[in-house]
Amino acid sequence: MGEKSKNVKADVSGSSKKEFSKGDLAVYPAHGVGYIESIESKEINGDTMNFYMMKIVENGMVIMIPTSNVESVGLREVIPVAEVPEVYKVMQEKAQGADNQTWNRRYREYMDKIKTGSIYDVAEVFRDLFQLKLEKDLSFGERKLLDTAQNLLVQELSMAKDVDEKVMMTEIENLFN
């Protein structure tokens, strides 16, 4: 599709700004992996702005992301394959003592972690809910969050390792056996 290397350019403030090209893979928090389909200019309130048009792999949804807001929305590249073992380590750790909280407080905390876009946070949510599920029934919201975390993990890890999602799911399940 597209090369995986990204350009990092300094903006006027001196901080580095991530730039993506057409065809690049990227991760949008809480939505998952997608491809940059195009970079388009649109006029909004008299100002011309550039947008990444990103198509989410899982559901085909297209998201318009202002190129100037990449950092603030959390758009990032797929983790390198070398980081996959680190994600596995997070999933294999003992769950944090979340089971003594009410389900709605846990739900809010987990949702906040998923929204960060960090694969490590998503891995923590998956691990905690997966382990909690072994101890007691999850609420409807927690079951949905577990599914969301699982989908986000499987998508990104399968892209990082360049393997089929079913193979990736089997690998993740084996971590818990």
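The structure presented is a predicted model; accordingly, all values stated were derived computationally and were not measured.
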Side chain to side chain contact (heavy atoms under 4.5 Å, CB included) between L132 and L138, worked out: CA-CA 7 Å; L132 187 61; L138 299 179; 3.8 Å; yes
Audit row: L146, K133, side chain to side chain contact (heavy atoms under 4.5 Å, CB included) steps and yes/no: CA-CA 9 Å; L146 177 61; K133 180 178 141 187; 3.7 Å; yes
Stepwise side chain to side chain contact (heavy atoms under 4.5 Å, CB included) test for V90 and V87: CA-CA 5 Å; V90 169; V87 176; 5.6 Å; no
Side chain to side chain contact (heavy atoms under 4.5 Å, CB included) between K166 and T170, intermediate numbers included: CA-CA 6 Å; K166 287 184 176 116; T170 303; 5.5 Å; no
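Looking at every heavy atom in both residues, S21 comes nearest to I36 through O-CB, 3.5 Å. Among all heavy-atom pairs drawn from G117 and P29, the shortest one is CA-CB, 3.6 Å. In terms of heavy atoms, V84 sits closest to A160 at CG2-CB, 4.1 Å.
When side chains are defined from C-beta on, Y35 does not count as touching D24, because their heavy atoms never get closer than 4.5 Å. Contact check for M159 versus L25: side-chain heavy atoms found under the 4.5 Å cut-off.
For the atom pair NE2 of H31 and NZ of K115, the computed distance is 10.0 Å after rounding to the nearest 0.5 Å. A distance of 10.5 Å separates CG in N104 from CD in E109, rounded to the nearest 0.5 Å. Atom NZ of K136 and atom CG of L134 lie 12.5 Å apart (nearest 0.5 Å). In this structure, the separation between CG on D121 and OH on Y110 is 12.0 Å, given to the nearest 0.5 Å. Atom-to-atom distance recorded for E93:CD and Q131:CD is 9.5 Å, nearest 0.5 angstrom.
Residue-environment remark: CG (N174) exceeds the threshold of 12 foreign heavy atoms within 6.0 Å.
Under the side chain to side chain donor-acceptor pair (under 3.5 Å) criterion, E171 pairs with Y88, K161, not counting sequence neighbours. F130 meets the ring-ring contact (aromatic ring centres under 6.0 Å, His included) test with F126, F176; sequence neighbours excluded. In this structure, Q92 has no side chain to side chain donor-acceptor pair (under 3.5 Å) partners at least two apart in sequence or on a different chain. Every residue meeting the side chain to side chain donor-acceptor pair (under 3.5 Å) condition with E124, not counting sequence neighbours, appears here in chain and number order: K113.
Follow the hydrophobic side-chain contacts under 4.5 Å out from M111 and you reach V122 in the same cluster. Side-chain heavy atoms closer than 4.5 Å link hydrophobic residues (I, L, V, M, F, W, Y) into clusters, and following such links, even through other members, never connects V62 to I65. M61 is connected to Y28 through a chain of hydrophobic side-chain contacts under 4.5 Å among Ile, Leu, Val, Met, Phe, Trp and Tyr, so both are in one cluster.
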Distance-only donor-acceptor hits, side chain of residues 43-56, under 3.5 Å, sequence neighbours excluded:
unit_1 : atom_1 : unit_2 : atom_2 : d
N50    : OD1    : S41    : OG     : 2.5
Y52    : OH     : F20    : N      : 2.9

May I have the list of side-chain donor-acceptor pairs in residues 151-158 shorter than 3.5 Å, sequence neighbours left out?
unit_1 : atom_1 : unit_2 : atom_2 : d
N151   : ND2    : D147   : O      : 3.4
Q155   : OE1    : V33    : N      : 2.9
Q155   : NE2    : E58    : OE1    : 3.4
E156   : OE1    : R76    : NH2    : 2.7
E156   : OE2    : R76    : NH1    : 2.7
E156   : OE2    : R76    : NH2    : 3.4
E156   : OE2    : I79    : N      : 3.0
S158   : OG     : V154   : O      : 2.9
S158   : OG     : Q155   : O      : 3.0

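The main-chain N or O of S139 is found under 3.5 Å from a side-chain atom of E142 such that the two form a donor-acceptor pair. Put simply, the side chain of S118 gets close to the backbone of Y120: a donor and an acceptor are under 3.5 Å apart.
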